[in-house]
Amino acid sequence: MVGDLTNGPRPGAGFAPLSMPELPEVETTRRGLAPAVVGRRIAAVSIYDRRLRWPVPRALERNLAGRAIDALDRRSKYLLFRLGGDTLIVHLGMTGSLRRYPAAPRRSPHDHVDVLLDDGSTLRYHDPRRFGAILWVAGDAAGHPLLASLGPEPFDPHFDAESLYRETRGRRQSIKQALMGNHLVVGVGNIYASESLFRAGIRPTRAAGRLTRRDAAALVDTVRSTLADAIARGGTTLRDYVDSRGEPGTFQFDCAVYDREGLPCPRCATAVRAVRQGGRSTYFCPRCQR
DNA sequence: CTTTGCACCTGTTGGC
DNA sequence: TGCCAACAGGTGCAAA
């Protein structure tokens, strides 16, 4: 906070829109954008920086100009803009944001792409770490390599206790890493993996194959309830996440264990512990989670 | 096949 | 105050 007065970004520019999205943040962005963009036509595209996980396609402007946006869908953490039968895929990576402005705002560092719509509004893609992606797919993107091998959506009936139990048999990988693998279920990133496992009373380090049927059933429920609660709160803002209007989420205030090492478990008051799994921080209550 | 670790990047933070 | 290592919400990919 104090730092804002000394080395904060240019005064007046205020907040630099960064974001690090798990599914709730992507869904919040989708819900914020959809009413304003669906039915609109793309008037122009400006590309300022093609460097993302993969280079922004050279043909993007030619592909998009004049096209109408028929729908804005989400698959896992990918946003899917439907244009006729074709698809624009947008992934926000760790620090990407997609914001809508009524009129084109001033450029700032790390702005990559502007999409000008026929009502004069601008969609701006901004991504400092450049882990995100913007891809063009001729046709429905369901068969695209990035989407083809994804597991079920968390709210899809196909994600259920029986299949989770079956899919984890024989797996030695920790349940936390398995949950984040986008194969058992999609959209559960580092924050919500810890939170879902806390709610289910399962220790993150337990081998996935050691889940009982009861555990699997509990985990399906808590993955859903955790994600639903986070969506209802507009996502989690730990540092900089903002939605399509620049508003932060508030789920961080509901986190039971994430980023709370040493603080009391909200259920039993035992100190929350932190460990590292696959290079990522994991948080859990050593008493409530076995 | 499963699992692990690295790689891609910039920006912020905390410890010395 | 300054410097530097560690870390940050994702995930594709090579290698074991």
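Numbered from 1 within each chain, the chains take letters A, B, ... in sequence-line order.
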If you compare every side-chain N and O of [X] against the phosphate oxygens of [N] (OP1, OP2), does one of them come in below 4.0 Å?
| X | N | answer |
| --- | --- | --- |
| A:Arg53 | B:dC9 | no |
| A:Thr95 | B:dG11 | no |
| A:His110 | B:dT10 | no |
| A:Tyr192 | C:dG10 | no |

> C:dA8 C1' sits how many Å from A:Ile191 CD1, rounded?
Replying inline: 10 Å
> Among residues 193-209 of chain A, which contact DNA chain C at a heavy-atom distance under 4.0 Å?
Replying inline: none
>> Test of understanding: with ring-ring contact (aromatic ring centres under 6.0 Å, His included), list the residues that count as partners of A:Phe81, not counting sequence neighbours.
In response: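 Applying ring-ring contact (aromatic ring centres under 6.0 Å, His included) to A:Phe81 gives none.
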Given [options], which nucleotide is nearest the side-chain atoms of [X]?
| X | options | result |
| --- | --- | --- |
| A:Arg171 | C:dT11, B:dT10, B:dT3 | B:dT3 |
| A:Leu146 | C:dT11, C:dG12, B:dG11 | C:dG12 |
| A:Tyr78 | C:dG12, B:dT3, C:dG10 | C:dG12 |

> Which distance, rounded to the nearest 0.5 Å, do you find between the CG of A:Asp127 and the CG of A:Asp111?
Replying inline: 10.5 Å
> Does A:Phe131 lie flat on the base of B:dC8, that is, centres under 5.5 Å apart and planes under 30° off?
Replying inline: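 So yes, this residue stacks on that base, both cut-offs being met.
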> Could you write out DNA chain B as a dot-bracket string, with dots for unpaired bases, | for bases paired across to another strand, and Watson-Crick or G-U pairs counted at under 3.5 Å?
Replying inline: .|||||||.|||||||
